[in-house]
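Accompanying notes for the structure given below.
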Amino acid sequence: MVRHKLDSVNAFARQGYDLRIRCMACEHVKDASAVEMMLKLGERRLSMSIEALEDRLKCQTCGERRAHISPVPIDF
């Protein structure tokens with residue numbers, strides 16, 4: 001089994017994963033396309049790092065900036 005280092009939005013997109021964004025304050029969950037996120041970040045010339053993105057994202061439900069990003073589980 002191969003493990004991939006998913007430390008950037010580029011890495012998620014390259015490996016075929018989407019982003020699962022979870023608010024650590026209210027547990028709201030949203031799935032987002034890694035490719036679309038990569039394009040939006042590129043347009044704004046923002047960092048593609050997962051750590052930087054987690055610090056920037058704001059929850060649509062509670063307004064907190066406590067995101068945690070993980071890969072969307074793949075169904076077999």
Side-chain angles (χ1 to χ4, degrees):
M1 174 185 234
V2 177
R3 292 191 183 247
H4 301 285
K5 186 174 182 182
L6 299 173
D7 59 353
S8 70
V9 177
N10 296 17
F12 274 76
R14 198 171 41 249
Q15 298 302 325
Y17 291 108
D18 281 335
L19 307 171
R20 173 147 297 159
I21 305 165
R22 178 182 307 276
C23 175
M24 300 309 286
C26 72
E27 297 297 318
H28 178 248
V29 175
K30 179 172 181 160
D31 292 343
S33 165
V35 174
E36 288 178 19
M37 183 70 72
M38 188 175 64
L39 292 173
K40 288 179 185 178
L41 292 171
E43 286 173 2
R44 295 179 178 186
R45 297 180 185 234
L46 296 171
S47 171
M48 302 269 178
S49 139
I50 293 299
E51 188 175 316
L53 186 57
E54 287 176 336
D55 291 341
R56 247 190 334 270
L57 291 175
K58 185 175 180 181
C59 180
Q60 295 174 335
T61 304
C62 71
E64 290 286 327
R65 293 188 188 271
R66 293 179 53 201
H68 174 73
I69 297 174
S70 59
V72 174
I74 299 173
D75 295 327
F76 287 103

Gap between atom [atom2] of [Y] and atom [atom1] of [X] - 0.5 Å precision:
{"X": "Arg66", "Y": "Arg22", "atom1": "CZ", "atom2": "CZ", "value": "13.0 Å"}
{"X": "Lys30", "Y": "Ile69", "atom1": "NZ", "atom2": "CD1", "value": "12.5 Å"}
{"X": "Cys62", "Y": "Met24", "atom1": "SG", "atom2": "CE", "value": "11.5 Å"}
{"X": "Met48", "Y": "Met37", "atom1": "CE", "atom2": "CE", "value": "10.5 Å"}
{"X": "Ser33", "Y": "Leu39", "atom1": "OG", "atom2": "CG", "value": "8.0 Å"}
{"X": "Glu64", "Y": "Lys58", "atom1": "CD", "atom2": "NZ", "value": "9.5 Å"}

note = When every non-hydrogen atom of Ala32 is compared with those of Ile21, the smallest separation belongs to CB-CD1, 4.1 Å

request  = Heavy atoms only: give me the nearest Ala11-Lys5 pair and the separation to one decimal.
outcome  = CB-O, 3.7 Å

Would you indicate whether the side-chain heavy atoms of [Y] and [X] approach each other to under 4.5 Å?
{"X": "Leu6", "Y": "Pro71", "result": "yes"}
{"X": "Ile50", "Y": "Phe12", "result": "yes"}
{"X": "Met38", "Y": "Asn10", "result": "yes"}

Connected via hydrophobic side-chain network under 4.5 Å: Val35 and Leu57 = no

inquiry  = Between Leu41 and Arg56, is the side-chain contact (heavy atoms from CB on, under 4.5 Å) condition met? List the steps.
reply    = CA-CA 11 Å; Leu41 292 171; Arg56 247 190 334 270; 3.5 Å; yes

key: Full working for side-chain contact (heavy atoms from CB on, under 4.5 Å) between Arg20 and Val29   = CA-CA 7 Å; Arg20 173 147 297 159; Val29 175; 3.7 Å; yes

key: Working for side-chain contact (heavy atoms from CB on, under 4.5 Å), residues Leu19 and Asp31   = CA-CA 6 Å; Leu19 307 171; Asp31 292 343; over 6 Å; no

